[in-house]
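In the text below, chain A, chain B and the rest are named by the order of the sequence lines, each starting its count at 1. All values reported here derive from a predicted model rather than from experimental measurement.
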Number of protein chains: 2
Amino acid sequence: MSAPRTQPIALECHHSTPGSVSTPTWHRLRDALLALIDSLGNNRKRPCRLPAEREMIARFSTTRITLRDALTQLEGEGRIYRENRRGWFIAPSRLHYDLLAGLAFHDMVESQQRQASTLLLSASTVPAPLHIARRLWLSEGSAVQRIVRVRAIDGRRVLYVEHHLRPDCFPGILDFDLAQHSLTALYRHEYAIRIARVDYELGSTIFGGPAGEALHATPGTAAQRITRINRDQNGRVVDCDDEYWRHDAIELALSAVPRGG
Amino acid sequence: MSAPRTQPIALECHHSTPGSVSTPTWHRLRDALLALIDSLGNNRKRPCRLPAEREMIARFSTTRITLRDALTQLEGEGRIYRENRRGWFIAPSRLHYDLLAGLAFHDMVESQQRQASTLLLSASTVPAPLHIARRLWLSEGSAVQRIVRVRAIDGRRVLYVEHHLRPDCFPGILDFDLAQHSLTALYRHEYAIRIARVDYELGSTIFGGPAGEALHATPGTAAQRITRINRDQNGRVVDCDDEYWRHDAIELALSAVPRGG
DNA sequence: AAGTGGTCTAGACCACCGG
DNA sequence: CGGTGGTCTAGACCACTTT
């Protein structure tokens with residue numbers, strides 16, 4: 001006995017996409033979910049959770065897999081996000097992240113009328129892995145200071161960062177309160193080091209491993225990777241960062257004069 | 001009758017992830033697929049296709065959905081990619097895209113020993129949509145030149161671009177062969193306009209609509225959006241671009257002096 | 001303890017691509 | 001037209017979170 005391909009969704013089938021023969025069910029579901037999202041009112045400070053998957057299944061007369069396809073689409077668009085095993089939530093608007101503004105995280109967030117918080121996961125001196133050593137012009141295995149933090153906007157964990165510092169530049173820096181102070185402020189005021197040049201590398205990946213766990217991100221969801229190498233006023237490399245952002249949490253921007261005119 | 005939760009995979013279960021109680025099947029599958037990918041030899045110029053899904057199902061004794069979960073993971077990591085309804089392929093290494101190098105697409109690609117090609121989809125004068133009008137300092141509905149192109153690296157379509165130009169800057173530019181010439185070269189040599197400042201906006205989304213279709217990207221797969229507003233040597237906005245890249249095709253880079261020291 | 005999302009089974013039909 | 005990937009059904013068990 002073959003299961004008939006039913007189309008049980010009782011939704012208004014607006015914009016039937018001329019040029020495309022059939023609109024997949026998940027696409028119509030997507031529209032219904034968007035209406036649901038709008039009806040929930042999206043711009044609060046409290047995390048706004050969607051109904052349980054099984055409830056949405058009942059409401060829309062569909063299957064778990066199809067529903068999750070539609071949710072995954074919206075997740076990719078950045079309209080909703082997941083906390084691992086906790087549910088689906090409406091995504092707040094993106095933080096505007098100007099790569100060349102030279103702003104510390106807290107300043108950047110607060111300048112956009114949002115609340116920043118930082119959680120220190122670890123701060124210790126460790127032997128440099130090869131890829132870190134290369135960036136910092138050190139030899140593999142030599143000591144570097146490693147700082148791992150999680151940062152949140154309005155209580156939502158959005159960023160996992162690993163810093164690696166050249167210890168010859170920042171003796172004793174691990175003794176400061178690294179959850180409260182911006183690193184760049186410490187660099188300047190305690191060590192008279194200014195960041196005068198930044199090399200960025202940006203790419204997209206997925207969460208998984210420590211970064212995913214720290215952000216409560218479901219393994220496999222999209223992440224924005226930002227790697228940064230910082231030089232001081234003398235052109236010397238002093239530290240590097242590896243940032244992993246929830247992809248829907250930021251919009252990157254920069255304004256500059258291109259070379260090779 | 002309840003289906004027993006079998007674990008039929010006969011793969012070496014390397015690194016059982018201490019600290020995590022159970023490794024999901026798709027995770028072990030992922031490793032098996034990685035081995036398969038390595039065995040296929042990844043760095044050719046010919047697109048290297050994976051076996052059909054049903055064949056991989058048989059080979060790994062698993063289900064379609066589980067297999068696709070694993071494949072989707074690898075797709076998110078940028079190790080493999082899809083062409084819509086055509087199959088899964090091994091992803092070539094990423095193009096290094098220096099945002100501030102001021103290089104035209106062909107020059108950038110060829111400087112990395114790869115082959116660039118461009119397909120012109122449309123070139124016409126159209127009324128400006130609101131968001132374009134705003135960027136170009138025009139009023140909504142006023143005429144702008146619109147150029148849509150698809151660009152490929154080593155034959156693989158990786159980039160969909162829409163340009164919108166201020167027609168007062170570039171009269172008659174649509175009559176040039178826009179598949180062969182770089183726009184910036186035309187700007188300079190035919191109109192004596194140099195791009196002296198660029199405003200970028202970067203974000204991640206998913207394919208769907210014209211961009212996805214033009215790249216043969218499966219709807220819902222990850223895309224890197226790059227929006228660009230170009231100013232000439234007099235500070236005047238002359239055009240803007242909307243680029244959609246296959247997320248695995250590029251790695252963005254830039255080096256600059258941050259403000260707000 | 002109840003409920004949630006994460007994972008998985010074992011199929012089926014359909015649209016589309018390539019030969 | 002055969003084979004492929006895209007979509008969908010109708011469930012189940014499990015790990016984990018929350019009550």
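Between dC8(C), dT4(C), dG5(D), one nucleotide has an atom nearer to the side chain of Ala52(A) than all others, and that is dT4(C). Of the candidate nucleotides dG5(C), dA10(C), dC16(C), dG5(C) has the atom lying nearest to any side-chain atom of Arg68(A). Proximity note for Arg85(B) (side chain, C-beta onward) versus dT9(D), dG5(D), dA10(C): the nearest is dG5(D). You'll find that the side chain of Ile65(B) is closest to dT9(D), out of dT9(D), dC17(C), dG5(C). Taking only side-chain atoms of Trp26(B), from C-beta outward, the nucleotide of dT4(C), dG6(C), dT7(C) with the closest atom is dT7(C).
Atom CZ of Arg79(A) sits in a sparse spot, with 12 or fewer heavy atoms from other residues, nucleotides or ligands closer than 6.0 Å.
For Arg64(A) against dG6(C), a side-chain N or O and a base N or O form a donor-acceptor pair under 3.5 Å. No hydrogens or angles were tested; on distance alone, a donor-acceptor pair under 3.5 Å links the side chain of Arg54(B) to the base of dG5(D).
Rounding to whole angstrom units, CZ of residue Phe207(A) and C1' of dG6(C) are separated by 18 Å. Between the NE2 atom of His27(A) and the P atom of dG6(D) there is a distance of 16 Å, rounded to whole Å. Going from atom CE of Met56(A) over to atom P of dG3(C) covers 17 Å, rounded to whole Å. Atom CD in Glu53(B) sits roughly 15 Å away from atom C1' in dG11(C) (whole-Å rounding). What separates CZ of Arg82(A) from P of dT4(C) is a distance of 17 Å, to the nearest Å. In this structure, Glu83(A) atom CD and dT17(D) atom P are separated by 11 Å, rounded to whole Å. When rounded to the nearest whole Å, the span between CD of Gln73(B) and P of dC8(C) equals 10 Å. In this structure, Phe60(B) atom CZ and dT9(C) atom P are separated by 14 Å, rounded to whole Å.
Residues meeting the side-chain hydrogen bond (donor to acceptor under 3.5 Å, both in side chains) test with Ser182(A), sequence neighbours left out: Thr184(A). In terms of the side-chain hydrogen bond (donor to acceptor under 3.5 Å, both in side chains) criterion, residue partners of Glu251(B) (sequence neighbours excluded) are, by chain and number, Arg225(A).
Listed pair Thr63(B) / dA10(C) fails the phosphate criterion, with no side-chain N or O lying under 4.0 Å from OP1 or OP2. For Thr218(B) and dG6(D), the shortest distance from a side-chain N or O to OP1 or OP2 is below 4.0 Å.
Contacts of Asn84(B) with the nucleic acid, taken as non-hydrogen atoms under 4.0 Å apart, involve only primed sugar atoms and P, OP1 or OP2.
Closest-nucleotide positions on DNA chain D for Thr66(A) and Arg86(B) were compared, and the one nearer the 5' end corresponds to Arg86(B).
A cation-pi geometry, defined here as NZ or CZ lying under 6.0 Å from the six-membered ring centre and within 45° of its normal, holds between Arg156(B) and Tyr81(B).
Checking side-chain atoms of Arg94(B) against main-chain N and O of Ile250(B) turns up a donor-acceptor pair under 3.5 Å.
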